[in-house]
Amino acid sequence: MSDEYKDEYSEEYEEEYSNRRGAKILLIIVGVVLIVFGAAYSGYYMYSQYSAKQESQEYTVVQTETTAAVSGKKVKNPIDFKSLKKQNDEIYAWIKVPGTKVDYPIVQSAASDEFYLKHSAINKKWTASGAIYTEMINSTTFKDRVTVIYGHNGYSDTMFTTLHNFEKKEFFDKHSEFYIYTPKAKLTYKIISAFKYDNRHIMNRFQFLDNAVYADFQKMLLNPNSTLKNVRENLDKPLTLDDNIVVLSTCIKNQKSNRYLVCGVLVNNEKTN
């Protein structure tokens with residue numbers, strides 16, 4: 001082998017070796033990045049689930065410790081709003097959905113509709129599971145024709161995750177009401193329907209002050225165009241333009257373009273102490 005050929009062969013070998021070595025180093029770097037990313041994501045997910053559980057326990061403690069005795073003819077109000085408002089003055093109601101773990105304060109931010117997506121109702125601190133909230137387009141009186149209440153899905157069994165229990169017909173049939181407490185009232189809602197819907201903004205999409213629009217919306221609630229739905233077959237009375245409806249809205253796992261709605265009509269408004 002000539003010296004010239006040896007030099008050429010040596011250069012080619014060194015270049016090939018260098019390329020292989022570079023490829024190995026790149027693979028190692030990619031592997032390390034994936035491991036770090038996976039560990040970080042896993043840690044974030046576990047923290048989010050833990051945070052949600054802790055948040056849920058906070059709500060339970062608040063409610064248990066602030067239950068107040070009542071007297072006279074008025075209905076018992078188990079929520080001490082005076083104490084809650086000292087922690088966060090944007091708490092204005094409380095929702096309970098029997099058969100689920102939905103048992104939380106309702107808040108509305110005066111600054112941003114997105115605030116409570118990632119902040120606690122109790123102390124306004126950051127939390128992945130957010131809070132149960134309404135947007136500023138709705139009043140806080142529940143006298144709007146339609147009020148939409150939002151809550152996250154997927155943070156363990158907290159927030160609105162267990163609303164998905166209504167996907168089962170047997171559960172839907174056995175659980176027909178949910179309750180909203182305000183400082184002066186207990187509002188009882190008959191659940192009309194529960195179904196999969198698209199992700200268009202309900203309050204912006206419909207002009208509910210228009211009687212025809214509101215009537216059509218009610219018809220849609222009674223006969224949703226969805227393969228995933230349950231509808232109350234026997235209501236005590238037909239829906240009218242004077243009715244007030246609350247829509248509970250949450251996400252569906254791995255379906256970013258869809259929402260799961262549980263819809264109720266106000267059937268009783270009782271004063272409380």
Colleague: Tell me whether D80 is salt-bridged to K82, with the criterion being a basic N under 4.0 Å from an acidic carboxylate O.
Modeller: no

Colleague: When you check the gap from the basic side-chain N to the acidic O, do E90 and K124 get nearer than 4.0 Å?
Modeller: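 Salt bridge present between E90 and K124.
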
Colleague: Among the clusters formed by ILVMFWY side chains lying less than 4.5 Å apart, do Y197 and F208 turn up in the same one?
Modeller: yes

Colleague: Looking at P78 and Y181, what are the two nearest heavy atoms and their distance?
Modeller: CD-CE2, 3.3 Å

Colleague: What's the spacing between T250 OG1 and N258 CG if we round to 0.5 Å?
Modeller: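 So the OG1 of T250 and the CG of N258 are separated by 12.5 Å.
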
Colleague: Charged N to carboxylate O below 4.0 Å: is that the case for D243 and K237?
Modeller: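 So D243 pairs with K237 through a salt bridge.
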
Colleague: Quick one: pull up CD in Q108 and CZ in F115 and give me the separation to the nearest 0.5 Å.
Modeller: 13.5 Å

Colleague: Tell me whether E270 at atom CD has more than 12 heavy atoms from other residues, nucleotides or ligands lying less than 6.0 Å away.
Modeller: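 Enclosed.
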
Colleague: List the atom of N88, the atom of A121, and the distance in Å for their closest heavy-atom pair.
Modeller: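 What the structure gives for the nearest pair is ND2-O, 2.8 Å.
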
Colleague: NZ of K85: more than 12 outside heavy atoms within 6.0 angstrom?
Modeller: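 Yes, because the 6.0 Å sphere around NZ of K85 holds more than 12 heavy atoms from other groups.
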
Colleague: Do M203 and V213 land in one hydrophobic cluster if side-chain heavy atoms of ILVMFWY residues count as linked below 4.5 Å?
Modeller: yes

Colleague: Answer yes if the ring centres of H164 and Y260 are under 6.0 angstrom apart, and no otherwise.
Modeller: yes

Colleague: How about N165 and T100: does a side-chain donor come under 3.5 Å of a side-chain acceptor?
Modeller: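 No pair is found: no donor N or O on one side chain lies under 3.5 Å from an acceptor on the other.
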
Colleague: Write down the atom of F171, the atom of P98, and the distance for their closest heavy-atom approach.
Modeller: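 Looks like CZ-O, 4.2 Å.
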
Colleague: Please determine if K186 forms a cation-pi arrangement with Y179, meaning its NZ or CZ atom is less than 6.0 Å from the six-membered ring centre and no more than 45° off the ring axis.
Modeller: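 The answer is yes; both the distance and angle limits are met.
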
Colleague: Spell out, as yes or no, whether a donor-acceptor pair under 3.5 Å connects the side chain of R232 to the backbone of F172.
Modeller: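 Yes, the answer is positive, given that a donor and an acceptor are paired below the 3.5 Å cut-off.
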
Colleague: Under 6.0 Å between ring centres: does that hold for Y116 and H119?
Modeller: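 Between Y116 and H119, the centre distance exceeds or equals 6.0 Å.
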
Colleague: Looking at F142, Y133, F81, which hits ring-ring contact (aromatic ring centres under 6.0 Å, His included) with Y92?
Modeller: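 So, applying the ring-ring contact (aromatic ring centres under 6.0 Å, His included) to Y92 and each of F142, Y133, F81, only F142 qualifies.
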
Colleague: If you count heavy atoms of other groups shown closer than 6.0 angstrom to CG of N225, is the number above 12?
Modeller: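 No, CG of N225 has 12 or fewer neighbouring heavy atoms, counting only those of other groups under 6.0 Å.
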
Colleague: Honestly curious: do I137 and L209 fall in one hydrophobic cluster under the side-chain, below-4.5 Å linking rule?
Modeller: no

Colleague: What distance do T158 atom OG1 and K101 atom NZ have between them, rounded to the nearest 0.5 Å?
Modeller: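 Output value for this atom pair is 9.5 Å.
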
Colleague: Which atoms form the tightest heavy-atom contact between V146 and N138, and what is the distance?
Modeller: O-ND2, 2.9 Å

Colleague: Within this structure, what is the NZ-CD1 distance for the pair K196 and I252, rounded to the nearest 0.5 Å?
Modeller: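 If I round to the nearest 0.5 Å, the distance is 5.5 Å.
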
Colleague: Following the transitive rule for hydrophobic clusters with a side-chain heavy-atom cut-off under 4.5 Å over Ile, Leu, Val, Met, Phe, Trp and Tyr, establish whether F206 and V247 coincide in one cluster.
Modeller: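 Both belong to a single hydrophobic cluster.
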
Colleague: Heavy atoms only: give me the nearest N269-A185 pair and the separation to one decimal.
Modeller: OD1-CB, 3.6 Å

Colleague: Which pair of heavy atoms, one from I245 and one from L221, lies closest together, and at what distance?
Modeller: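 Result for this residue pair: CD1-CD1, 3.8 Å.
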
Colleague: I need the N77 CG to N273 CG distance, nearest 0.5 Å.
Modeller: 8.5 Å

Colleague: Look up atom CD in Q218 and atom CG in L239, then write down how far apart they are to the nearest 0.5 Å.
Modeller: 4.5 Å

Colleague: Establish, yes or no, whether the cationic atom of R259 lies under 6.0 Å from the six-membered ring centre of F195 and within 45° of the ring axis.
Modeller: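 Relative to the ring axis of F195, which defines the angle, R259 lies outside at least one limit.
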
